[in-house]
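Every chain is numbered from 1 and lettered A, B, ... according to where its sequence line falls, protein lines coming before strand lines.
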Protein chains: 2
Amino acid sequence: MKFDRNKHVFHSPDFEEIIKDTIRFFNGTPIQIIPASERFQGTGVYAIYCTAKIGVYKDFHDINRTSYDVPIYVGKAVPAGWRQARSANTENSESYELNNRIREHGRSIEQGAGLKLNDYRCRFMILEGAESDLIGTAEAALIRSYKPLWNSLIDGFGNHDPGSGRYEQAMSDWDVCHPGRLWAKKCKGKHNSKKELLKGIGVFISRLKGEHCNG
Amino acid sequence: MKFDRNKHVFHSPDFEEIIKDTIRFFNGTPIQIIPASERFQGTGVYAIYCTAKIGVYKDFHDINRTSYDVPIYVGKAVPAGWRQARSANTENSESYELNNRIREHGRSIEQGAGLKLNDYRCRFMILEGAESDLIGTAEAALIRSYKPLWNSLIDGFGNHDPGSGRYEQAMSDWDVCHPGRLWAKKCKGKHNSKKELLKGIGVFISRLKGEHCNG
């Protein structure tokens with residue numbers, strides 16, 4: 001029998017619809033403070049929104065004033081062991097991965113110079129059971145769609161302490177702009193220029209404002 | 001506003017249907033020799049089927065005789081960079097990941113003692129574009145459904161050369177049962193007993209035969 005590649009290609013127009021549904025649902029979830037007012041179980045996807053009125057991010061107030069349209073960061077919290085086997089996922093809903101991840105981000109914002117935690121809000125979507133397989137897809141779709149500032153231009157917000165023996169690396173762009181995390185100060189490599197990074201942020205946000213605020 | 005976890009949980013019955021469709025499509029793809037008769041592009045999921053008439057796997061001949069029902073191994077070939085960002089995936093179809101992965105497995109079988117490459121066949125499903133996000137899900141569903149011998153009881157078939165400085169680890173179960181891969185011989189750790197492993201394979205396959213061959 002002749003080899004026919006087409007017989008091996010799976011197409012699923014329904015899958016693209018499901019990704020769109022996922023994003024629509026996400027954008028309709030309630031806005032929450034950081035950390036959320038109640039500790040909750042589950043894994044999934046989240047976005048962080050800035051509404052600062054002053055400082056380098058002040059234009060986010062206008063951008064996100066009427067609704068929370070433009071995240072500054074999007075991330076995921078996956079079930080333990082997700083990068084390996086991904087077995088039955090029965091225990092996902094008993095973990096606090098998503099809750100904990102958002103709370104950690106809150107601590108980074110509190111510690112970061114020039115940032116006030118109360119200027120930040122979040123959305124999150126819990127994906128459990130079979131739907132937990134959508135976590136990576138949903139996160140990627142949100143990042144692709146919004147290109148959030150702290151996922152694109154300014155890297156490092158989601159970093160963890162690299163641990164002893166690995167401090168030869170450079171401080172991340174996020175830590176250069178918002179110094180405060182103790183472990184970040186230990187990173188000894190040559191980092192980017194704060195002045196240049198802040199200039200980049202200015203350009204990025206004025207473009208965003210042009211796109212999202214008419215007049 | 002009171003915190004209501006339920007407002008954050010996304011349910012998608014359609015997604016479970018899509019996973020089932022994916023598996024049905026997979027099971028309908030043409031059986032191919034290893035390596036495939038033509039080099040092909042793409043990423044996706046594959047299964048390897050044994051039809052040996054002699055040796056420790058001889059009962060697979062009866063199990064897979066009429067159709068290829070019971071894989072001995074299931075794996076995936078993901079786009080480069082998949083474990084990191086997962087960006088637009090535009091270049092997937094230009095890679096040969098799936099083709100190369102299956103060809104590598106063919107080499108392992110050729111080198112492994114007690115195995116004949118012509119006793120093995122494969123199925124594969126190409127998942128590209130948006131569907132490439134289904135790769136991990138489809139692989140996990142197939143493994144969950146079939147619990148293939150070389151994914152469960154006998155570990156190590158899909159391993160790569162761990163590289164110099166990491167040969168203190170033990171030879172994998174697969175390499176103990178089917179010695180031949182040069183790099184595997186360098187692994188110096190204490191490995192499992194070949195006799196015990198082969199006994200386990202015997203038990204595993206007679207159970208399979210009971211489930212799949214009536215009379």
Enquirer: Considering only heavy atoms, which portion of B/Asn151 lies under 4.5 Å from any heavy atom of chain A: side chain, backbone, both, or neither?
Expert: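 Contact with chain A involves no heavy atom of B/Asn151 at all.
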Enquirer: If you measure from CD on A/Glu17 to CD1 on B/Ile18, what distance do you get to the nearest 0.5 Å?
Expert: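 Between A/Glu17 CD and B/Ile18 CD1, I get 9.5 Å after rounding to 0.5 Å.
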Enquirer: Check the surroundings of atom CG in A/Asp4: do more than 12 heavy atoms from other residues, nucleotides or ligands lie under 6.0 Å from it?
Expert: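 Yes, the 6.0 Å shell around CG holds more than 12 heavy atoms from other groups.
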Enquirer: Counting only heavy atoms not in A/Asp69, do more than 12 fall under 6.0 Å of its CG?
Expert: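 Atom CG in A/Asp69 is crowded, with more than 12 foreign heavy atoms closer than 6.0 Å.
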Enquirer: I'd like to know if B/Glu38 pairs up with A/Lys2 as an ion pair, taking the criterion as any Lys NZ or Arg NE/NH1/NH2 lying under 4.0 Å from an Asp or Glu carboxylate oxygen.
Expert: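 A salt bridge links B/Glu38 with A/Lys2.
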Enquirer: What are the residues of residues 159-169 of chain A, in order of number, with any heavy atom under 4.5 angstrom from a heavy atom of chain B?
Expert: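 Residues in range: none.
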Enquirer: Should A/His8 and B/Arg123 be marked as a side-chain contact (heavy atoms from CB on, under 4.5 Å) after you check the CA-CA gap, both sets of side-chain angles, and the distance that decides it?
Expert: CA-CA 9 Å; A/His8 296 269; B/Arg123 275 204 173 91; over 6 Å; no
Enquirer: Applying side-chain contact (heavy atoms from CB on, under 4.5 Å), run through B/Thr29 and A/Lys7 and close with a yes or a no.
Expert: CA-CA 6 Å; B/Thr29 55; A/Lys7 290 197 170 149; over 6 Å; no
Enquirer: At a 4.5 Å cut-off on heavy atoms, which part of B/Glu16 comes close to chain A: side chain, backbone, both, or neither?
Expert: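 The side chain, not the backbone.
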Enquirer: Chain B: which of A/Leu98, A/Asp21, A/Thr22 shares the most heavy-atom pairs with it under 4.5 Å?
Expert: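 Most heavy-atom pairs within the cutoff with chain B belong to A/Thr22.
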Enquirer: Are B/Phe15 and A/Asp14 close enough, and set up right, to give a side-chain contact (heavy atoms from CB on, under 4.5 Å), and what steps lead you there?
Expert: CA-CA 9 Å; B/Phe15 183 55; A/Asp14 294 345; over 6 Å; no
Enquirer: Working to the nearest 0.5 angstrom, can you tell me the gap between B/Asp133 CG and A/Ile135 CD1?
Expert: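 Output value for this atom pair is 13.0 Å.
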Enquirer: Report the C-alpha separation of A/Phe10 and B/Ile126 in whole Å, then their side-chain angles, then the decisive distance to 0.1 Å, and conclude whether the side-chain contact (heavy atoms from CB on, under 4.5 Å) test is met.
Expert: CA-CA 6 Å; A/Phe10 180 65; B/Ile126 296 168; over 6 Å; no
Enquirer: Would the distance check show the side chain of B/Arg5 and the main-chain N or O of A/Phe40 forming a donor-acceptor pair, the cut-off being under 3.5 Å?
Expert: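 Absent.
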